[in-house]
Amino acid sequence: MHAAPRSLALVGLGAVGRRLAQRWQRAGIAVHAWAPSVPSRDRARAEGVSVAEDLASALTPAQAVVLCVGVAELAEAAESVARALPPLSADREPACLHTSGSLGPGVLAPLARLGCPTGTLHPLAAFAPDGAGPRLDGTWCAISGDERARAAASSLVAALGARTLLLDERETAPATYHAAAALLSNGTVALASLAFELAGHACRDREDARLAFQALLRATVDNLETRTPERALTGPVSRGDAATVRAHLGGLAGDPQTRALYLALSRRMLVLAERDGRLDAHSVHELERLLAP
Ligand SMILES: NC(=O)c1ccc[n+]([C@@H]2O[C@H](COP(=O)([O-])OP(=O)(O)OC[C@H]3O[C@@H](n4cnc5c(N)ncnc54)[C@H](OP(=O)(O)O)[C@@H]3O)[C@@H](O)[C@H]2O)c1
């Protein structure tokens with residue numbers, strides 16, 4: 001493991017930038033942060049982040065640069081950093097990283113052209129705009145890029161107390177990885193909200209229904225902590241119980257969107273149950289017919 005850079009320029013002081021700056025400062029790294037708007041800089045200063053007067057001052061001492069900027073503004077931010085970066089020398093070639101999960105290092109091309117190692121460091125965590133931000137110790141950060149950028153990224157991840165998840169080199173890898181993260185994290189929230197609503201309609205007390213279904217969600221996540229999805233799966237599809245699945249579909253007849261979602265997820269459940277060798281050929285055939293799109 002390489003030593004973390006002693007001096008870091010951090011560009012972008014939104015939900016992610018402010019929290020990463022704080023954690024890296026706590027780890028003993030000299031952070032020089034900057035964002036275009038005065039309110040963002042003032043807010044970060046008030047939260048204890050060391051903010052530079054301008055972009056060039058943030059970049060001058062930097063051994064690494066991290067751009068915590070939204071996807072739509074990232075290319076423009078990379079151009080600004082490339083313009084403001086002091087000339088590189090043999091002993092000063094700062095690794096430049098960005099925190100967007102869906103993009104590869106290619107968006108940092110203006111910095112690569114100057115000779116900077118380029119890569120990505122995506123914290124696999126949810127940063128709400130307010131509050132202290134997520135715990136990062138024990139979480140993972142996906143990284144990619146050339147060898148020197150990956151070395152810098154891994155050392156910065158370690159300084160957060162997080163673990164490194166190395167992305168594949170294929171160009172499509174970041175979008176695929178990020179779709180998986182969105183499906184799991186954001187998709188679970190969407191699915192939970194739908195289930196809470198359905199249960200609320202079927203129970204006398206909506207709040208009790210929400211609490212009961214939250215407990216079910218926790219138990220399901222607990223099962224996934226210790227078992228593969230194939231082993232963690234429970235419910236009628238896993239038992240080959242076509243009659244219950246038919247009853248569920250009848251109950252959802254007036255709600256075509258939820259019914260379509262139920263069918264799509266149940267087809268995946270069938271794959272898991274088959275992989276686990278739980279179902280006989282007759283049950284599989286019956287469920288396949290019932291769950292056909
Ligand atoms: N939120 C999450 O949970 C999360 C998790 C992992 C990764 N990410 C990724 O991290 C990145 C930042 O996310 P965020 O939630 O922190 O976004 P955000 O709250 O919208 O903050 C974006 C920051 O970028 C700055 N910025 C905009 N245009 C710029 C430019 N041309 N040059 C320099 N700085 C510029 C903004 O400055 P001003 O404030 O001055 O306008 C702002 O401080 C995104 O790529 C996001 O996909 C987000």
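When a ligand or atom number is given, it counts from 1 through the structure's own listing order.
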Quiz prompt | N223 versus T220, side-chain donor and acceptor atoms under 3.5 Å | solution = no
Exercise. Inspect the contact between R45 and E53 and indicate whether a charged nitrogen and a carboxylate oxygen are less than 4.0 angstrom apart.
Key: yes
Quiz item: For ligand 1, which atoms have a heavy atom of A15 less than 4.0 angstrom away?
Solution: 15 (O), 16 (O), 19 (O)
Practice problem: Could you check atom 30 (C) of ligand 1 against the protein and tell me its nearest heavy-atom contact, residue, atom and distance included? | Solution: A77 CB, 3.7 Å
Quiz item: Would H178 and H122 count as a close aromatic pair, with their ring centres under 6.0 Å?
Solution: yes
Quiz item: Any N or O on T99 sitting closer than 3.5 Å to an N or O of ligand 1?
Solution: yes
Quiz item: Are any of the N or O atoms of F127 closer than 3.5 Å to those of ligand 1?
Solution: yes
Self-check item: Side chain D276, main chain R278, donor-acceptor under 3.5 Å
Solution: no
Quiz item: Against heavy atoms of E76, which atoms of ligand 1 measure under 4.0 Å?
Solution: 31 (N)
Quiz item: Any nitrogen or oxygen of S37, main chain or side chain, under 3.5 Å from a nitrogen or oxygen of ligand 1?
Solution: yes
Quiz prompt | Polar atom proximity, V16 to ligand 1 (N or O, under 3.5 Å) | solution = yes
Quiz item: Could an N or O of ligand 1 be found under 3.5 Å from any N or O of A35, whether backbone or side chain?
Solution: no
Practice problem: Give a yes/no on ligand 1: does S102 have at least one heavy atom closer than 4.0 angstrom to it? | Solution: no
Self-check item: Numbering as shown, the atoms of ligand 1 that approach G12 to under 4.0 Å (heavy-atom distance)
Solution: 23 (C), 24 (O), 25 (C), 43 (O)
Quiz item: At under 4.0 Å between heavy atoms, which part of A126 makes contact with ligand 1: side chain, backbone, both or neither?
Solution: backbone
Quiz item: Do S37 and S40 get their side chains close enough for a donor-acceptor pair, meaning under 3.5 Å?
Solution: yes
Quiz item: Counting heavy atoms only, which of G14, C68, A78 comes nearest to atom 24 (O) of ligand 1?
Solution: C68
Quiz prompt | Atom indices of ligand 1 within 4.0 angstrom of A125 heavy atoms, with elements | solution = 3 (O), 5 (C)
Practice problem: Quickly, which of V69, L59, L114 forms a side-chain contact (heavy atoms from CB on, under 4.5 Å) with V81? Name it, please. | Solution: L59
Practice problem: Note the single closest protein heavy atom to atom 37 (O) of ligand 1, along with its residue, its atom name and the distance in Å. | Solution: P36 CD, 3.3 Å
Quiz item: Please state which protein non-hydrogen atom is closest to atom 43 (O) of ligand 1 and give its distance, to 0.1 Å?
Solution: L13 N, 2.9 Å
